[in-house]
Amino acid sequence: MDAIEKAIRKAFEKGDASKRPFREKVYRSAFAALERTLEARDDLSEDAKLARRDNLKATITEIETEFVPAAAPSSPAAPKAEAPPVSRPEPRRRQASSPQVSPEPRRAPRPKDDNGDFAPRIDPRDRGFTPGEPSQEDAKRRIRAALPRQRRPYAMLFLVATLVAFAGMGLWWTMSSGILMSSDERDTSVRNPPLALEEDSFSGGDDASSSGSRGSRAAGQWITVFDPADPTSVSAPDGGNIDVMRNDDQIFLRVSTAGSAGISFDVGQGVLETLAGRNAIFSIEARAQDGEETQLSLSCNFRALGGCGRTRYVVGPTRADYLFEVELPNQSPSGGGTITIIPDATGEGHALDVFSIRAAIATR
């Protein structure tokens with residue numbers, strides 16, 4: 001099971017996967033998350049992005065076919081329709097073989113005729129069988145051969161139509177969301193962050209600005225705002241913890257706070273001067289600690305350039321990029337700014353691992 005399928009199935013466990021609206025929400029979240037990831041990946045070619053999207057299409061279509069049997073018609077009832085007609089031809093065959101009803105048995109000289117077309121088709125006695133049972137068995141075979149041709153095509157058409165409808169629905173979901181990458185292209189020389197299917201960013205408060213980055217992409221090189229190798233640009237309030245961690249040659253900052261206080265990350269004046277008068281896109285690469293979800297809440301203070309409102313994300317245990325976009329006025333900043341992150345907006349004390357904060361000029 002690849003990472004995409006595992007992420008989708010894990011999302012299914014948080015609700016009732018048998019309900020189509022819930023599955024649609026998971027699929028749309030998967031498409032949106034991947035699109036955000038691809039938008040930040042200018043190092044990938046269009047063919048590579050197309051292949052990755054095609055891979056998600058195939059994965060979603062395969063998962064959705066698991067729910068087809070619940071909507072498929074019951075086909076075992078078809079053989080029951082074959083039984084009643086079998087008993088109806090018997091009175092006719094008894095009448096045909098009775099000397100009192102049909103004049104055919106009186107044509108005794110005719111079986112001696114050497115005409116090969118007559119004897120096999122009219123009177124089974126010309127084949128050397130008794131007039132009772134062979135005629136009945138032959139009629140049963142004819143009825144069994146005739147009934148399926150009348151009924152089975154409709155059942156098969158209904159089943160095929162149902163399967164095509166589910167497949168079409170899966171393709172429509174895929175085509176309406178964009179292009180995906182294949183699993184073979186995940187292990188490249190450039191690090192590829194996994195999908196964040198649970199992400200649900202929204203703005204809160206009256207001062208909220210645009211928090212979505214869908215449809216945007218970085219126009220140039222990414223500018224490093226925070227690197228865990230230099231934690232001096234980070235400050236924590238009373239009761240907050242900042243720990244530099246290392247795991248598998250990866251350095252990250254594990255932050256946690258008590259209450260609603262946030263961790264502040266400095267944004268240099270030079271960064272703000274570069275982004276002034278532009279649509280800026282910021283990327284926070286993070287994950288929740290110990291496999292538990294947490295709600296990340298962030299706000300900005302860019303001094304004369306304003307802020308970014310308040311944005312909240314549901315962060316899962318998988319390392320991923322969480323993007324937000326802000327339009328900065330064309331003014332000279334009087335100094336540096338800050339990005340403030342609350343690791344757990346619910347107040348449950350969950351920790352957050354921050355790998356980097358970057359910024360770039362965004363274009364639509």
Side-chain angles (χ1 to χ4, degrees), residues 1-39 49-50 52-75 157-183 193-204 208 210-216 287-288 291-297 310-318 320-325 345-346 348 350:
M1 183 182 300
D2 59 20
I4 294 178
E5 181 178 356
K6 182 182 293 184
I8 292 175
R9 293 188 182 278
K10 183 177 179 181
F12 280 172
E13 296 176 358
K14 301 182 181 300
D16 188 357
S18 63
K19 294 183 178 179
R20 187 173 66 183
F22 173 74
R23 298 198 305 273
E24 290 178 358
K25 180 180 178 182
V26 174
Y27 297 147
R28 285 194 298 269
S29 182
F31 297 143
L34 178 66
E35 189 63 23
R36 285 192 294 271
T37 300
L38 293 180
E39 288 166 1
K49 294 180 179 180
L50 178 61
R52 296 182 179 190
R53 290 167 175 155
D54 289 338
N55 181 56
L56 184 54
K57 291 180 184 179
T59 300
I60 291 178
T61 302
E62 179 181 354
I63 293 175
E64 188 62 26
T65 55
E66 298 178 3
F67 300 91
V68 171
S74 179
S75 58
L157 284 175
F158 188 80
L159 178 60
V160 170
T162 303
L163 293 175
V164 170
F166 274 102
M169 182 172 58
L171 290 176
W172 177 81
W173 283 330
T174 305
M175 295 299 295
S176 64
S177 299
I179 321 170
L180 302 179
M181 61 183 176
S182 66
S183 57
L195 302 179
L197 296 183
E198 300 296 332
E199 178 175 330
D200 183 16
S201 60
F202 57 91
S203 59
S210 175
S211 62
S213 60
R214 185 177 302 173
S216 302
R287 71 182 178 193
E292 296 183 357
E293 291 183 348
T294 184
Q295 290 193 20
L296 178 153
S297 177
R310 185 174 296 275
T311 308
R312 181 176 295 189
Y313 301 98
V314 176
V315 181
T318 304
D321 286 318
Y322 298 90
L323 312 177
F324 67 93
E325 184 176 331
T346 62
E348 297 180 2
H350 294 159

**Student:** Kindly assign one of parallel, tilted or perpendicular to the pair Phe12 and Phe67, based on the angle between their ring planes and the thresholds 30° and 60°.
**Tutor:** perpendicular
**Student:** Treating Tyr313 as the side-chain partner and Leu323 as the backbone partner, does any N or O pair qualify as donor plus acceptor under 3.5 Å?
**Tutor:** yes
**Student:** When rounded to the nearest 0.5 angstrom, what is the spacing between NZ in Lys6 and OG1 in Thr59?
**Tutor:** 13.5 Å
**Student:** Spell out, as yes or no, whether a donor-acceptor pair under 3.5 Å connects the side chain of Ser29 to the backbone of Lys25.
**Tutor:** no
**Student:** According to side chain to side chain contact (heavy atoms under 4.5 Å, CB included), who are the partners of Ala58, at least two apart in sequence or on a separate chain?
**Tutor:** none
**Student:** Please round to the nearest 0.5 Å and tell me the distance separating atom CD1 of Ile4 and atom CG of Asn55.
**Tutor:** 4.5 Å
**Student:** CE/Met169 to OG1/Thr61 distance, rounded to the nearest 0.5 angstrom?
**Tutor:** 10.0 Å
**Student:** I'd like to know if Arg23 pairs up with Glu66 as an ion pair, taking the criterion as any Lys NZ or Arg NE/NH1/NH2 lying under 4.0 Å from an Asp or Glu carboxylate oxygen.
**Tutor:** no
**Student:** Val160 and side-chain contact (heavy atoms from CB on, under 4.5 Å): which partner among Val164, Leu163, Thr162, Leu157?
**Tutor:** Val164
**Student:** Go through the structure and list residues passing side chain to side chain contact (heavy atoms under 4.5 Å, CB included) with Glu24, not counting sequence neighbours.
**Tutor:** Arg20, Arg28, Trp173
**Student:** My understanding is that only residues two or more places apart in sequence, or in another chain, count here; which of them pass side-chain hydrogen bond (donor to acceptor under 3.5 Å, both in side chains) with Glu292?
**Tutor:** His350
**Student:** Would you check if Tyr322 and Leu296 make a side-chain contact, meaning some heavy-atom pair closer than 4.5 Å?
**Tutor:** no
**Student:** Closest approach of Arg9 and Ile63, non-hydrogen atoms and distance?
**Tutor:** NH2-CG1, 3.9 Å
**Student:** How long is the span from the CZ atom in Phe324 to the CZ atom in Arg310, to the nearest 0.5 Å?
**Tutor:** 12.5 Å
**Student:** Starting at OG1 of Thr65, measure out to CD1 of Ile60 and round the result to the nearest 0.5 Å.
**Tutor:** 12.0 Å
**Student:** Return the minimal non-hydrogen interatomic distance between Ala11 and Val26, and the atom names on each side.
**Tutor:** CB-CG1, 3.7 Å
**Student:** Looking only at heavy atoms, which two atoms of Lys10 and Pro317 are closest? And how far apart?
**Tutor:** NZ-CG, 3.4 Å
**Student:** Could you tell me which non-hydrogen atom of Ala288 sits nearest to which non-hydrogen atom of Thr294, and how far apart they are?
**Tutor:** CB-CG2, 3.9 Å
**Student:** On a heavy-atom basis, which atom in Gly316 and which in Glu293 lie closest, and how many Å separate them?
**Tutor:** CA-CG, 4.2 Å
**Student:** Check whether any side-chain heavy atom of Thr37 sits under 4.5 Å from a side-chain heavy atom of Asp321, and report yes or no.
**Tutor:** no
